[in-house]
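These numbers were taken from a predicted model, which means no experiment stands behind them.
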Amino acid sequence: MKMEGKSVFGGVAMGRLSIYKKNDQLVKRIKVTDTDAEIQRYNEATEKAKQQLAALYEKASKEVGESSAAIFEVHQMMLDDLDYQESVVNMIQTQNVNAEYAVAVTGDNFSEIFAAMDDEYMKARAADVKDISNRVISVLQGAEDAGFDSSEPVILVAEDLAPSETVQLDKSLLLSFVTRYGSTNSHTAILARTMNIPALIGVDYSEDIDGHFGIVDGFEGVLYVDPDEEIIEQYKKKQEEQEEKARLLQELKGQPTVTKDGREIKLYANIGGVGDVPSVLQNDAAGIGLFRSEFLYLESDTFPSEEDQFNAYRSVVQTMAGKKVIIRTLDIGADKQVDYFNLDKEDNPAMGYRAIRICLEQPDIFKTQLRALYRASYYGNIAIMFPMIISVEEVRRIKETVEEVKKELSDQGFAYGDVELGVMIETPAAVWITEELGKEVDFFSIGTNDLTQYTLAIDRQNPRLDSFYDAHHPAVLRAIQMTVENGHKGGAWVGICGELGADTSLTETFLRMGVDELSVSPSRILAVRAAVRDCDLKG
């Protein structure tokens, strides 16, 4: 039997299928007389749930890094939400109902509110509300942890998996997971990719597959149940090839990223936070080409202080021990919303008040980050790049602010190092003025995700447009070519930090264009190194 879905993370897994058993949370409405005691039960259950989430955060931080573990801090904050708490307490008091019922109804109501929102990020929070509500109900009911019963590695099958459920899975017993629901942008999908687990979503399976033999093809987005011997042999070979490729890639550790004809390429890694640095070093990246600093803001419930940011940046540059660390200034807005920024709702946030536009309009926020970055530069090799640039005037305003910050730091006795300044090329406007921009900065980093979106006029968050979204479109490739040529004319070196940088089918194309640097996810470093070493640009 062949079932089709959508891939979250590539790879092949073969083994027994095991359906994930969630806690039976049948919640009945029960009339209570002592509402104070019921509220006390709710408060105690909430505190215990927060303790569980704190433990999950610690576990996830060690296993998948702080940026991926941050969802459990978000869940703790959601449990402290006053509107949520007041809804539960008010229902207990006015309707004389049990805490389980009040939490269940509140969870459903809030989940529906999030699900009805236009913003994709906020829609995804609907699952988080359900998750925290189910956790509190489980505590109230004294239920044991859900999971799967197995002494052997299995392919886990579920309706959906909440982030808390995913991180609690014993990875030594997990070959892959397959879900009926979920999205490629969910926290669970991000965790799956971080944990290197082949995974599918959108598979309409039946309950009777439990215990049967299955094959997950994470490349094609297919699940086979009880496949015949021919298919099994086919995938055994595919799995062996995959393992051999991984083994051969390990041999590239410590090897230069240089083409057959002797051209050396800078091969850096993209990260979301301090917790991702070990993966950068483990995969032998030459540096960090994109540190998404906005995660410091997304993971906080208030503006991170200069000291908090300084400590985070310093930790990264010291760990990288002299290797270049390129830090992008905050790219808040569009699909990355932060409540305390109090941004107005926009009909088209992808082209709205975001990134450098916020920084230039709110210099206090911008200067705080720049001060932290320059102070950290004393401890390592930092470069700073600015996102969403559309004009030379913006760059000149940025450089004026930088000079103000440097003078303030000098006057206050703070030391700082030499810092390269660069801009992201991710708008058609920036592409057309790259020669002028190249005279103003040290480097360009091409953000191919947004560049493709804006060039093709396609919302990359809209799944209905997947068939139209073509990152290999000639217009996109010509924009990259123009950026490289004009950047070099202006005196800037040019890198790529978007998803296309890891597309090995384009590696030789990029090198022939003259791209100087590629920055990819840590897990793709060795594969891209292999692709570079296979290139002969004189051939």
Side-chain angles (χ1 to χ4, degrees), residues 266 270 289-290 326 328-335 346-361 366 383-402 420-461 465 468-501 503 506 509-519:
K266 300 171 187 174
N270 299 335
L290 170 60
I326 302 175
R328 178 175 69 189
T329 56
L330 71 93
D331 190 8
I332 294 298
D335 59 328
E346 297 177 294
D347 291 334
N348 196 347
M351 293 194 286
Y353 187 57
R354 58 175 293 196
I356 200 63
R357 297 165 184 176
I358 293 176
C359 291
L360 292 175
E361 289 287 311
F366 193 28
I384 305 172
M385 66 178 177
F386 306 96
M388 204 62 185
I389 296 299
I390 61 168
S391 72
V392 172
E393 176 59 28
E394 287 174 337
V395 176
R396 290 175 179 161
R397 288 177 62 190
I398 289 167
K399 290 166 72 175
E400 287 174 4
T401 306
V402 165
E420 280 191 322
L421 299 181
V423 294
M424 291 193 69
I425 304 299
E426 49 192 341
T427 67
V431 172
W432 285 104
I433 59 169
T434 39
E435 189 169 351
E436 291 85 351
L437 288 173
K439 297 173 184 176
E440 297 288 336
V441 297
D442 300 300
F443 68 95
F444 293 157
S445 190
I446 304 172
T448 56
N449 303 349
D450 269 339
L451 181 59
T452 303
Q453 171 174 246
Y454 297 133
T455 300
L456 303 185
I458 285 179
D459 179 1
R460 61 189 175 94
Q461 300 291 329
L465 300 177
F468 296 96
Y469 186 90
D470 178 15
H472 290 217
H473 194 289
V476 176
L477 297 180
R478 287 176 190 172
I480 295 172
Q481 175 79 71
M482 183 184 297
T483 298
V484 176
E485 292 176 356
N486 288 342
H488 288 168
K489 284 180 186 176
W493 61 264
V494 183
I496 295 176
C497 65
E499 292 291 323
L500 275 190
D503 186 340
L506 288 174
T509 300
F510 291 148
L511 299 190
R512 289 189 181 278
M513 286 180 180
V515 169
D516 303 294
E517 175 254 3
L518 296 170
S519 188

Sequence-distant partners of His473, side-chain hydrogen bond (donor to acceptor under 3.5 Å, both in side chains), two or more places apart | none

For Glu400, enumerate each residue passing the side-chain contact (heavy atoms from CB on, under 4.5 Å) test, keeping only those at least two apart in sequence or located in another chain.
-> none

Considering residues at least two apart in sequence or located in another chain, which fulfil the side-chain hydrogen bond (donor to acceptor under 3.5 Å, both in side chains) criterion with Lys489?
-> none

If you look only at pairs with a residue in residues 421-437, which of them pass as a salt bridge (charged side-chain N to carboxylate O under 4.0 Å, His left out), with sequence neighbours excluded?
-> none

So, do Leu437 and Val392 sit near enough that their side-chain heavy atoms are less than 4.5 Å apart?
-> yes

Extract all donor-acceptor atom pairs below 3.5 Å that involve side chains of residues 475-486 and protein atoms in other chains or at least two apart in sequence.
| unit_1 | atom_1 | unit_2 | atom_2 | d |
| --- | --- | --- | --- | --- |
| Gln481 | NE2 | Glu485 | OE2 | 3.0 |
| Thr483 | OG1 | Ala479 | O | 2.8 |
| Asn486 | ND2 | Thr434 | OG1 | 3.1 |

Side-chain donor/acceptor of Asn270 to backbone N/O of Ser519, under 3.5 Å = yes

Atom pair NZ (Lys266) and CD1 (Ile326), whose distance is rounded to the nearest 0.5 Å = 7.5 Å

Here the gap from Ser445 atom OG to Glu517 atom CD, rounded to the nearest 0.5 Å, amounts to 5.5 Å

So Phe386 and Phe366, would you call those rings parallel, tilted or perpendicular, with 30° and 60° as cut-offs?
-> perpendicular

Would you check if Val431 and Thr455 make a side-chain contact, meaning some heavy-atom pair closer than 4.5 Å?
-> no

Residues at least two apart in sequence or cross-chain that pass side-chain hydrogen bond (donor to acceptor under 3.5 Å, both in side chains) with Asp516, listed by chain then number, are His488

Ala430 to Ile425 - nearest heavy-atom pair and separation = CB-CD1, 4.0 Å

Which pair of heavy atoms, one from Thr329 and one from Pro387, lies closest together, and at what distance?
-> OG1-CD, 3.2 Å

Report the residues that fulfil salt bridge (charged side-chain N to carboxylate O under 4.0 Å, His left out) with Lys399, sequence neighbours left out, ordered by chain and then residue number.
-> Glu440

What is the minimum heavy-atom distance between Tyr454 and Met388, and which atoms define it?
-> OH-CE, 3.4 Å

Are the side chains of Met385 and Cys497 in touch, meaning some heavy atoms are under 4.5 Å apart?
-> yes

Heavy-atom nearest pair, Phe443 first then Ile384, reads CZ-O, 3.7 Å

Met424 side, atom CE; Asp450 side, atom CG - distance, nearest 0.5 Å = 7.5 Å

Intermediate values then yes/no, side chain to side chain contact (heavy atoms under 4.5 Å, CB included), Tyr469 and Thr452 | CA-CA 8 Å; Tyr469 186 90; Thr452 303; 3.5 Å; yes

Nearest heavy-atom contact between Thr448 and Leu500 is OG1-N, 3.3 Å

Nearest 0.5 Å please: distance from the CG atom of Leu518 over to the CD1 atom of Ile446.
-> 9.5 Å

To the nearest 0.5 Å, how far apart are CG in Asp442 and CG in Leu421?
-> 6.0 Å

Side-chain heavy atoms of Arg357 within contact of Ile390, under 4.5 Å | yes

Which heavy-atom pair separates Cys359 from Leu330 by the least distance, and what is that distance?
-> SG-CG, 3.9 Å

